[in-house]
Amino acid sequence: MKKHKGYAHRLDGKRQIKLADFDPAEHAGLDREEAEEKTALFIQDLIELQELLYAVRSHSVLIILQGRDTSGKDGTIRHVVGPLDSQSCTVTSFKVPTEEELAHDFLWRIHNSTPRAGDIKIFNRSHYEDVLVVRVHDLAPEEVWRRRYEQINAFEQLLADSATIILKFYLNISKEEQKKRLLKREEDPIKSWKLSVNDWMERKYWNDYTAAYQDALNHCNTKHAPWFIVPADKKWFRNLVVAETLRNALMPFRKSWLEQVEEVGRLKKKAIDEYRHSQV
């Protein structure tokens, strides 16, 4: 693991990581006001970058959000990508597979939801559930889910080879903070729809999920589809980390995208000028 040039922890694949080595409450010495100001600036950059991405349509972006219950997947989507244009930035949430989905390979329903050229797609949970919950709850034999690491890597390589920019975020929340958030939900009538006894039951498997996540992070971290560990105990810092990482991943393409857009604009303006001249 290495500290990325920014607030996220980008895994470099050079050694096996342990989640215990990452502080879920980390905030880089920032307070909430500072973090929110920085986040707002990154989002302004993202708005421009999304427009260029959509105009040029040479790439697509896939953002994968994984994390335990209450780690903030919905909140991250709302605060970081919520301000983006919903015409080309959409979310797919993967729930328990349907009977039809179970009749196919585990990646069948995933591939159909990947982003088109020019689009940003956010996966709220993803194909990684098939090496997480499937493993923890013994829904498939070990020989089956262990093979999936290699299959996932091949799938993500295919997407990368098709010009998809892949960013995978593990929202790292502590067990204590999760408990606080679950209890807070019970006090808020607006959040009552989120209440589920399963959230409490799943806490019994905390260590099992830790082991499953560690293996997924270690086995499926590649240069073309990197994992970023995001401290998630402080929501405002979590948002900052994801916004900055996304902005930093897209910014190297800005110059090329802008040049292509300007060339298209030049040609279109030339056609307009020629038409006007012909009407004189």
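The model shown is predicted, which means the values in this text are computed figures rather than measured ones.
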[X] vs [Y] side-chain heavy atoms within contact, under 4.5 Å:
| X | Y | value |
| --- | --- | --- |
| Leu182 | Arg203 | yes |
| Phe123 | Ile110 | yes |
| Leu159 | His111 | yes |
| Phe106 | Val144 | no |
| Phe22 | Ile17 | yes |
| Leu250 | Leu53 | no |
| Tyr7 | Glu26 | no |
| Pro24 | Ile173 | no |

Crowded around [X] [atom1]? As in, over 12 foreign heavy atoms under 6.0 Å?
| X | atom1 | answer |
| --- | --- | --- |
| Glu263 | CD | yes |
| Gln279 | CD | yes |
| Lys18 | NZ | no |
| Glu51 | CD | no |
| Arg146 | CZ | yes |
| Asp273 | CG | yes |

Using 0.5 Å steps for rounding, measure from the [atom1] atom of [X] to the [atom2] atom of [Y].
| X | Y | atom1 | atom2 | value |
| --- | --- | --- | --- | --- |
| Trp145 | Ile152 | CH2 | CD1 | 11.5 Å |
| Gln178 | Thr70 | CD | OG1 | 4.5 Å |
| Asp130 | Arg109 | CG | CZ | 6.5 Å |
| Asp119 | Leu62 | CG | CG | 11.5 Å |
| Asp208 | Arg135 | CG | CZ | 8.5 Å |
| Glu244 | Phe42 | CD | CZ | 4.0 Å |

- Query: Under the criterion side chain to side chain contact (heavy atoms under 4.5 Å, CB included), which of Lys38, His79, Glu36 is the partner of Asn239?
  - Reply: His79
Can you name the nearest heavy-atom pair linking [X] to [Y], along with the distance?
| X | Y | result |
| --- | --- | --- |
| Cys89 | Ile122 | SG-CD1, 3.5 Å |
| Pro252 | Asn248 | CD-O, 3.1 Å |
| Phe237 | Leu30 | CE1-CD1, 4.2 Å |
| Ser126 | Ile64 | OG-CG2, 3.5 Å |
| Asp85 | Gln87 | OD1-N, 2.9 Å |
| Ile120 | Pro115 | C-CB, 4.5 Å |

- Message: Pair Glu48, Met251 - check side chain to side chain contact (heavy atoms under 4.5 Å, CB included), show working.
- Response: CA-CA 10 Å; Glu48 180 197 69; Met251 190 57 77; 5.6 Å; no
- Message: Run Ile229 and Leu19 through side chain to side chain contact (heavy atoms under 4.5 Å, CB included) and show every step you take.
- Response: CA-CA 9 Å; Ile229 296 182; Leu19 286 174; 4.0 Å; yes
- Item | Intermediate values then yes/no, side-chain hydrogen bond (donor to acceptor under 3.5 Å, both in side chains), His224 and Glu156 | CA-CA 8 Å; His224 58 269; Glu156 292 176 350; 5.4 Å; no
- Task: Please determine which of Lys204, Arg185, Lys179 meets the salt bridge (charged side-chain N to carboxylate O under 4.0 Å, His left out) test together with Asp199.
- Result: Arg185
- Measure from NZ or CZ of Arg68 to the centre of the six-membered ring of Tyr209 and say whether it is under 6.0 Å with the direction within 45° of the ring axis.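 Pair Arg68/Tyr209 does not count as cation-pi.
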- Tell me whether the guanidinium CZ or amine NZ of Arg57 lies under 6.0 angstrom from the six-membered ring centre of Tyr54 and within 45° of its axis.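 The answer is yes, since Arg57 meets both limits relative to Tyr54.
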- Message: Please determine whether side-chain hydrogen bond (donor to acceptor under 3.5 Å, both in side chains) holds for the pair Gln157 and Asp161, giving the CA-CA distance in whole Å, both sets of side-chain angles, and the decisive distance to 0.1 Å.
- Response: CA-CA 6 Å; Gln157 181 69 65; Asp161 288 345; 2.8 Å; yes
- Taking NZ, NE, NH1 and NH2 as the nitrogens, is one of them in Glu143 or Arg147 under 4.0 Å from a carboxylate oxygen of the other? no
- Residues Lys180, Glu176; criterion salt bridge (charged side-chain N to carboxylate O under 4.0 Å, His left out); working and verdict: CA-CA 6 Å; Lys180 291 178 184 177; Glu176 296 74 19; over 6 Å; no
- Query: Can you check side chain to side chain contact (heavy atoms under 4.5 Å, CB included) on Gln50 and Ile47, steps first, answer last?
  - Reply: CA-CA 5 Å; Gln50 181 196 18; Ile47 290 171; 5.6 Å; no
- Using the salt bridge (charged side-chain N to carboxylate O under 4.0 Å, His left out) rule, take Glu262 and Arg266 through it: C-alpha gap first, then chi angles, then the decisive distance, then the call. CA-CA 6 Å; Glu262 288 175 340; Arg266 186 187 68 79; over 6 Å; no
- Message: With no hydrogens and no angle check, just 3.5 Å: does a side-chain donor-acceptor pair link Ser256 and Gln260?
- Response: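 Note: Ser256 and Gln260 side chains meet the donor-acceptor criterion.
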- Message: Side chains of Ser60 and Lys121: any donor to acceptor distance under 3.5 Å?
- Response: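 No, no side-chain donor-acceptor contact under 3.5 Å.
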- Message: Apply side-chain hydrogen bond (donor to acceptor under 3.5 Å, both in side chains) to residues Gln66 and Glu129 and explain how you reach the verdict.
- Response: CA-CA 9 Å; Gln66 288 286 160; Glu129 294 300 298; 2.8 Å; yes
- Message: Apply salt bridge (charged side-chain N to carboxylate O under 4.0 Å, His left out) to residues Arg254 and Asp45 and explain how you reach the verdict.
- Response: CA-CA 10 Å; Arg254 182 182 181 278; Asp45 284 343; over 6 Å; no
- Check against side chain to side chain contact (heavy atoms under 4.5 Å, CB included), Asp105 and Gln151: CA-CA 11 Å; Asp105 68 88; Gln151 292 161 351; over 6 Å; no
- Qualifying residue, where the test is side chain to side chain donor-acceptor pair (under 3.5 Å) with Arg238 and the options are Asp233, Thr39, Thr76: Thr76
- Task: Start with the C-alpha gap between Asp188 and Arg181, add the side-chain angles, then the distance that decides, and say whether salt bridge (charged side-chain N to carboxylate O under 4.0 Å, His left out) holds.
- Result: CA-CA 11 Å; Asp188 186 350; Arg181 293 184 187 180; over 6 Å; no
- Parallel, tilted or perpendicular: which fits the ring planes of Tyr213 and Tyr170, with parallel below 30° and perpendicular above 60°? tilted
